[in-house]
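Notes to accompany the following structure.
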Amino acid sequence: MLTNTKPLVAALRTSLISVTLAVTLSACGSTKWGFPYRADVQQGNWITAEQVAELQTGMSRAQVRYVLGTPVLQDALHSNRWDYTYYNKPGYGDAELRRFTVWFDGDLVTRWDGDPQPDRQPYERTDTGALEQAEAIEAGLKPLEDVPDAAVTAAEEAATPSAINPLP
């Protein structure tokens, strides 16, 4: 007969509570709380401000294709116009739509117009740290790149000829 069931029940209860708590708290580790999963949808051309800055009037279609990539829309009825569109719909969040158009006269660029383009690639962080460095410069501090590494400075001082003792 089982006369010692109380310690066994207490151990099972503690284990069950621990497992339940661990599973519940593991769900808090995600930043996307939505259920069910919704995939991000990206379509079109990602164009940066750097690429737009490379455009010049008088460029050929091949040069524009090299700088901006193949356009999403090449309308047969409007062959003098290339449309670059980018659409991003995150699984949870607001959709983003950017348009950029290049106009040609024959084979040469005459003008371009569109939404402001980002200064980064999609895989780069949106926060580049430039603001923190600008604030540091305004406050009279050295930017991060200009601060010498203490170990490197000590090694450079130790390697100077005055610090080296000549052999007797």
Side-chain angles (χ1 to χ4, degrees), residues 23-161 163:
V23 168
T24 303
L25 289 178
S26 69
C28 297
S30 173
T31 58
K32 296 184 180 180
W33 283 72
F35 186 83
Y37 174 73
R38 294 183 188 170
D40 296 347
V41 176
Q42 291 187 35
Q43 296 176 327
N45 299 86
W46 180 277
I47 298 175
T48 64
E50 181 181 336
Q51 291 171 305
V52 173
E54 290 182 30
L55 285 179
Q56 299 174 1
T57 56
M59 291 177 81
S60 69
R61 290 178 188 257
Q63 290 171 323
V64 173
R65 183 175 279 124
Y66 179 76
V67 171
L68 298 180
T70 304
V72 174
L73 299 173
Q74 289 181 346
D75 192 356
L77 299 175
H78 299 99
S79 61
N80 63 340
R81 169 182 167 164
W82 283 359
D83 292 307
Y84 294 86
T85 59
Y86 174 76
Y87 176 78
N88 180 24
K89 172 68 173 105
Y92 295 94
D94 298 331
E96 174 187 12
L97 176 64
R98 288 196 312 265
R99 295 183 177 114
F100 190 78
T101 304
V102 180
W103 285 273
F104 297 92
D105 184 16
D107 190 40
L108 302 178
V109 173
T110 57
R111 65 185 173 104
W112 57 89
D113 190 26
D115 298 329
Q117 302 299 321
D119 60 350
R120 62 180 178 83
Q121 294 294 334
Y123 54 83
E124 295 176 332
R125 295 185 332 165
T126 55
D127 179 21
T128 60
L131 182 61
E132 289 84 3
Q133 286 193 354
E135 290 172 352
I137 291 170
E138 287 177 9
L141 302 173
K142 292 183 178 181
L144 295 176
E145 291 85 23
D146 296 340
V147 177
D149 186 15
V152 172
T153 306
E156 288 174 355
E157 289 175 1
T160 57

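Just so you know, these numbers come straight off a predicted model, no measurement behind them. Residue indices begin at 1 and follow the sequence shown.
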Listing, residues 95-106 side-chain donor-acceptor contacts under 3.5 Å, not counting sequence neighbours, or none:
from	atom 1	to	atom 2	distance (Å)
E96	OE2	R98	NH1	2.6
R98	NE	Q117	OE1	3.2
T101	OG1	D83	OD1	2.9

Kindly list each side-chain donor-acceptor pair under 3.5 angstrom involving residues 42-59, sequence neighbours excluded, with atom names and distances?
from	atom 1	to	atom 2	distance (Å)
Q42	OE1	Y86	OH	3.2
N45	OD1	V72	N	3.4
N45	ND2	T70	O	2.9
W46	NE1	R120	O	2.9
T48	OG1	Q51	N	3.3
T48	OG1	Q51	OE1	3.4
Q51	OE1	T48	N	2.8
Q51	NE2	V67	O	3.2

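- Every residue two or more places apart in sequence or in another chain was checked for a salt bridge (charged side-chain N to carboxylate O under 4.0 Å, His left out) with D75, and none qualifies.
- The list of salt bridge (charged side-chain N to carboxylate O under 4.0 Å, His left out) pairs with a residue in residues 60-73, not counting sequence neighbours, reads R61-D107.
- Of all heavy-atom pairs between Y84 and G69, the closest is OH-O, 2.9 Å.
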